Amino acid sequence: MKFSAVFWYYLLIILVIFAAFMFGDFSQTNDVSRWLIIGLTALLLLAPLFFTRSTPNQIIPTTLPKSAPPVPAELAEVKRANQQLAEQDRALQAKDLELIQANQRLQKLEQAKNQFVSVTAHQLRTPLSAIKWTFHMILKGELGATTAEQKLFLQKGFDSSERVITIVNDLLNIDHIETGQSDYTFVSVKIIEWVENIVFEFTDRVKEKNIKLEVKKPTTTLPMVEMDPVKLSMVLENLIDNAIKYTPVGGQVAVTVKDDKLNSARSVIEIVVGDNGIGIPPADQGKIFQRFFRSTNAIRVIPDGSGLGLFVAKEVVEKHGGQLWFDSQENVGTRFHLTIPLRRTGG
Ligand code: ADP
């Protein structure tokens, strides 16, 4: 019961009692009627208490009112937002499914492409080697005498076949890396001997281009280095080959073996291949290890490179637990740094 109702109720009772005392003759009433009046008055006074206590049970409606109270504007707004969210959720789930399917299609295409590259590269390697050795035999005069002019063209054919073989080998290396088929065989290697043997392979190349190629080595005796010499030779050959390719006629290339990181926390041998060639433009320096990337100044000098050598090189060096990085200045020169831990640490 509300407070105002109780107030008016009691006021009415007080007025009735007051009127009874004012206008009634109380002395005339006998005992029974007096007690009746007192009892009735008490009952009336206590009645609101019973009424109030029983209120909770009585006011809870057992059924909802027939006409629902008007929905506030905010509630309608929340409902609308909820509906929109549910729609967006459905759209996102559909997009998600689309992306998963597109991704599966891409993976299949990638597999098909890898298979194509792998099969093609394998198929190309044998006939290319036959072409190269045929040029070689004619050049050496094993199939009869050739004129100077013929030799010039034969040499071009030989060089081109060698370049294509390099590209095919790069493609096969990438295929092996991507399919996880690269097997590493680690053995202990005498580092200086190993470097000198590789540098020696470039004797004819540097002579042709009138480039000075030298090995700089420490005077101390170096410890043996654990490595896969076949894979790491490919890396050093690629670095020296690049240095010669991207250095103009009459330039200089140096392969330096450094021992100053030998007694650090993690003993590594550092090899630096430096040249005074075309350098790498600052804008391209962040992309140099990406596969197929070639900077514009390199394309201008050697139009038919693959842009795969450095990508493969970085993978191989990191498998040895080493690092490969460079510093370069356009039109001044480039230095590639390669570190190899003395003991095998890579996967
Ligand atoms: P490729 O030599 O066949 O293009 P690489 O992966 O070996 O492929 O090299 C990638 C690119 O890095 C080259 O195209 C060239 O732009 C740049 N580069 C590598 N070595 C040198 C270097 N010594 N001097 C200048 N640029 C270089």
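Hydrogens, waters and symmetry mates play no part in the numbers below; they use all other heavy atoms, side chains included. In listed order, ligands and their atoms are each counted from 1. All figures in this text were calculated on a predicted structure; none of them were measured in a lab.
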Determine whether any heavy atom of [X] lies closer than 4.0 Å to an atom of ligand 1.
X    : value
K245 : yes
G277 : no
F289 : no

Problem set entry | Distance-only donor-acceptor check, side chains S233 and W194, under 3.5 Å | yes
For this session: Could you verify whether a donor N or O on one side chain and an acceptor N or O on the other, from D327 and H337, lie under 3.5 Å apart?
Result: yes
Problem set entry | Close side-chain approach of V273 to L236, heavy-atom, < 4.5 Å | yes
For this session: Ignoring hydrogens, just give me the one of A298, G309, A243 whose non-hydrogen atom is nearest atom 15 (C) of ligand 1.
Result: A298
Exercise. To the nearest 0.5 Å, how far apart are CG in L139 and CZ in F153?
Worked result: 13.0 Å
Exercise. Would the number of heavy atoms belonging to other residues, nucleotides or ligands and lying under 6.0 Å from CD of Q329 be above 12?
Worked result: no
Exercise. Going by distance only, is there an N or O of N297 that falls short of 3.5 Å from an N or O of ligand 1?
Worked result: no
For this session: Ignoring angles and geometry beyond distance, decide whether G307 reaches within less than 3.5 Å of ligand 1 through its nitrogen or oxygen atoms.
Result: yes
Relative to ligand 1, is [X] under 4.0 angstrom through side chain, backbone, both or neither, heavy atoms considered?
X    : value
F293 : backbone
L308 : backbone
L310 : both
I299 : neither

